[in-house]
Amino acid sequence: MKTQKTTVGTIDEEVLAFTAGRDVELDVNLIQADCIGTAAHVTMLSRMKPAIITADERKQVIGELKKIIELADEGKFKIRLADQDVHLAVERTLTEKLGDLGKKIHTCRSRNDQVAVDLRLFAREELLGAIEEAVALAAALLKFGRKHQKVPMVGRTHMQPGMPSSVGLWASAHAESLLDDCVLLVNAYELNDQCPLGSAASYGVPLEINRELTSDLLGFRCPVHNVLYANNSRGKNESIILSAMSQVMLTLSRMAQDLMLFTMPEFGYFTLPDELTTGSSIMPQKKNPDVIELVRARASKVKACELAVYDLIKGSPTGYNRDLQDAKEFFMDGVATTRACLRVLSPFIEAVEVNKQALIDGFRPDVFATDRALELVGEGMPFRDAYHYVKENIGELESIDPRKAIEQKTHLGAPMGIDWALFKERVAAVNAIVREQRKMIDRTVNKLFAEK
Ligand code: ARG
């Protein structure tokens, strides 16, 4: 049996590789968070009574943590298999640099609360990025919709022609959906914004640690109160975030589906610029909408990530279980996938060309059937009678200029009743949340690392 010495015991090599799993590679995403979490923890240790480390020792640790962050930024901080994960890699490095002092940093902490706090710090950044990207796409859709608000489009139900509609209504519908998704992302952000540090293995520690202090030092809204729940909430927190992300993907997927349809030559409503399409290796004429097809596919993938995390934890007994480690890859993948889709679609929407004539040509007289029935209502006929009259005389319907038809739809939320100012306010409100949180986080983290 080949064994390997690690910080926490000598382990069979195969067991080491099996249990470390993908942590050696995935934890690279957590290096900065681990250092920030550790900086808060050692600051708290230095303020305990009696203090576990001195103020000067705290300074030394913070100095080394800064160096690790710098190395990580250059892609030069290595997590070895013998480290198992980022937590022990950071502890090993600090011990190499600072000797016994490095061995003190793990006092009153477990890797369980450490990874939980790392993931929440990581998630906080990712959520702010995702919210910002989602709102940018909503803004792009609103700009597009407003520009083409008067361009008529056949409104469909069951995919069949229904009533006169507009490009503006179509685009702002997807924008409003995204703005609702932002509410879910912000809710997920607020739940994530609680600090699990100090919960240790799952049951707290017999020394007077100050969990409120570490929470404040890290800029969290508050600590997760119950130390057991702090550990049980790992996985749950990720699944909440992925569930919000999966709603974003639901919006994107349906929009992508519409775009695929409307760019079909048979429709010709919209055209995609060549640079945003891909060709075929055999059919020279092809300009395929692969981007939006993949957005549709990735909605399935993000949902699968959400379900994977949910399934991993649904039978998980209380307290930390190693199963939680396997949620990491689904979480990181789901978040990165959602963000990539959001980023690729903003310039995509901006570049979509609208073919006004094709949209107008799409109108046949029967699209005006309901409008005609309501016109008869205006002349005093009961609606059901008007409905039957139009149904029986459908062949006699005249074509109306669809531009005129949508001009009549002026009530709240209808093609000519879209409150663009309201949408603008919603976009600004979400952007303000992101800006404020970022400012607060920057201020807090800078303070934590500042020389005192
Ligand atoms: N890499 C581990 C994870 O992600 C860290 C926690 C390990 N804790 C333990 N008790 N083995 O879950």
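Indexing begins at 1, ligand by ligand and atom by atom, following the structure's order.
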List of N/O pairs, ligand 1 versus protein, all under 3.5 Å?
residue	atom	partner	partner atom	Å
ligand 1	1 (N)	Asp23	OD2	2.5
ligand 1	1 (N)	Asp85	OD2	3.0
ligand 1	1 (N)	Gln325	OE1	3.1
ligand 1	4 (O)	Arg234	NH2	3.0
ligand 1	4 (O)	Lys328	NZ	3.2
ligand 1	8 (N)	Asn112	OD1	2.9
ligand 1	10 (N)	Asn112	OD1	3.3
ligand 1	12 (O)	Arg234	NH1	2.8
ligand 1	12 (O)	Arg234	NH2	3.4
ligand 1	12 (O)	Tyr320	OH	2.6

What pair of heavy atoms forms the shortest contact from Ala188 to Ile240, and how long is it? CB-CG2, 4.1 Å
Parallel under 30°, tilted from 30 to 60°, perpendicular over 60°: which one fits the rings of Phe262 and Phe267? tilted
Do the charged groups of Lys67 and Glu70 touch, with an N to O distance under 4.0 Å? no
Do Val183 and Arg426 come within less than 4.5 Å of each other through their side chains, counting heavy atoms only? yes
List the atom pairs, donor and acceptor, that lie under 3.5 Å between side-chain atoms in residues 154-161 and the rest of the protein, sequence neighbours left out.
residue	atom	partner	partner atom	Å
Arg156	NH1	Met159	O	2.9
Arg156	NH2	Tyr269	OH	3.1

Which heavy atom of Ile418 sits nearest a heavy atom of Ser172, and at what distance? CD1-OG, 3.7 Å
